[in-house]
K.L.:
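This is the structure, below, for whatever I ask next.
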Amino acid sequence: MHRPVPPTLSFVIWEPALRDRIGGDAVYREQLRHLRTCADRPTISLQVLPLGITAHAGLAGPFTLLETPEFQHLAYSETQRGSFLVRDPNEVSILSQKYAMLRSQALNFAETKGLLDRLLGEV
């Protein structure tokens, strides 16, 4: 994050994860502050998938998309029973499409910052 040329990062966070106060109010407040600071960084894209969506592209669970310095595209997923590194280009493509769908279902950048500001105001 603090390299001369930082990586480009993109995140979609489900709103219930933002509202959970595991660790207490002080930890919660600091997490929200950190996310709000990250949302202002030019190399970070942060969006919130809001409550109330009855179906979304992430229902099968979380995943991470990666691109290596050699431009290899990979995916990674963790469950309670193990973790998976996905190398098959077809499978990575499916998850990339799911991520694109999640981004379209999520709040835009300004709406996400507004939500984080409102949550910070409630703490």
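For reference, positions follow the sequence shown, starting with 1.
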K.L.:
Can a donor-acceptor pair be found, under 3.5 Å and without considering hydrogens, that links the side chain of S77 to the backbone of F84?
P.N.:
no
K.L.:
With hydrophobic residues grouped by side-chain heavy-atom distances under 4.5 Å, do L35 and V123 end up in a single group?
P.N.:
yes
K.L.:
Which word best sums up how the rings of F63 and Y99 line up, parallel for under 30°, tilted for 30 to 60°, or perpendicular for over 60°?
P.N.:
perpendicular
K.L.:
Where is the tightest heavy-atom contact between V86 and V92, given as atom of each residue plus distance?
P.N.:
O-CG2, 3.5 Å
K.L.:
Between R36 and D40, does any NZ, NE, NH1 or NH2 come within less than 4.0 Å of an OD or OE carboxylate oxygen?
P.N.:
yes
K.L.:
Nearest 0.5 Å, please: how far is CG in L115 from CD in E15?
P.N.:
5.0 Å
K.L.:
Closest approach of A55 and Q105, non-hydrogen atoms and distance?
P.N.:
O-NE2, 3.8 Å
K.L.:
Is the backbone N or O of S83 less than 3.5 Å from a side-chain atom of E78, with the two atoms forming a donor-acceptor pair by type?
P.N.:
no
K.L.:
Would Q47 and F109 count as a side chain to side chain contact (heavy atoms under 4.5 Å, CB included) here? Give the steps.
P.N.:
CA-CA 6 Å; Q47 292 176 264; F109 305 127; 3.7 Å; yes
K.L.:
Short question: side chain of S93, backbone of P89 - any donor-acceptor pair under 3.5 Å?
P.N.:
no
K.L.:
Can you name the nearest heavy-atom pair linking W14 to L49, along with the distance?
P.N.:
CD1-O, 3.4 Å
K.L.:
Which atom pair, heavy atoms only, marks the closest approach of M101 to S104?
P.N.:
O-OG, 2.8 Å
K.L.:
Would Q31 and V27 count as a side chain to side chain contact (heavy atoms under 4.5 Å, CB included) here? Give the steps.
P.N.:
CA-CA 6 Å; Q31 287 172 339; V27 171; 3.7 Å; yes
K.L.:
Do V12 and L116 sit in the same hydrophobic cluster, where Ile, Leu, Val, Met, Phe, Trp and Tyr count as joined when their side-chain heavy atoms come under 4.5 Å apart?
P.N.:
no
K.L.:
For I94 and E91, run side chain to side chain contact (heavy atoms under 4.5 Å, CB included): C-alpha distance rounded to whole Å, both residues' side-chain angles, the deciding distance at 0.1 Å, then the answer.
P.N.:
CA-CA 5 Å; I94 289 168; E91 293 298 318; 4.2 Å; yes
K.L.:
Rounded to the nearest 0.5 Å, what separates atom CD in E70 from atom OG1 in T68?
P.N.:
4.5 Å
K.L.:
Verify the cluster assignment for F11 and L74: are they in a single hydrophobic cluster under the rule of side-chain heavy atoms below 4.5 Å apart?
P.N.:
no
K.L.:
Flag yes if L66 and L102 sit in one hydrophobic cluster, no otherwise; membership is Ile, Leu, Val, Met, Phe, Trp, Tyr, and two members link when side-chain heavy atoms are under 4.5 Å apart.
P.N.:
no
K.L.:
Where is the tightest heavy-atom contact between L119 and Y28, given as atom of each residue plus distance?
P.N.:
CD2-OH, 3.9 Å
K.L.:
Could you go step by step and tell me if H73 and L65 meet the side chain to side chain contact (heavy atoms under 4.5 Å, CB included) rule?
P.N.:
CA-CA 7 Å; H73 293 260; L65 297 171; over 6 Å; no
K.L.:
Do I13 and L120 belong together in a cluster built from hydrophobic side chains that touch within less than 4.5 Å?
P.N.:
yes
K.L.:
Look at atom NZ of K98 and say whether more than 12 heavy atoms of other residues, nucleotides or ligands are closer to it than 6.0 Å.
P.N.:
no
K.L.:
Determine the minimum heavy-atom distance between L46 and A39, stating which atoms define it.
P.N.:
CD2-CB, 3.9 Å
K.L.:
I'd like to check E111 versus P50 (side-chain heavy atoms, cut-off strictly below 4.5 Å). Are they in contact?
P.N.:
no
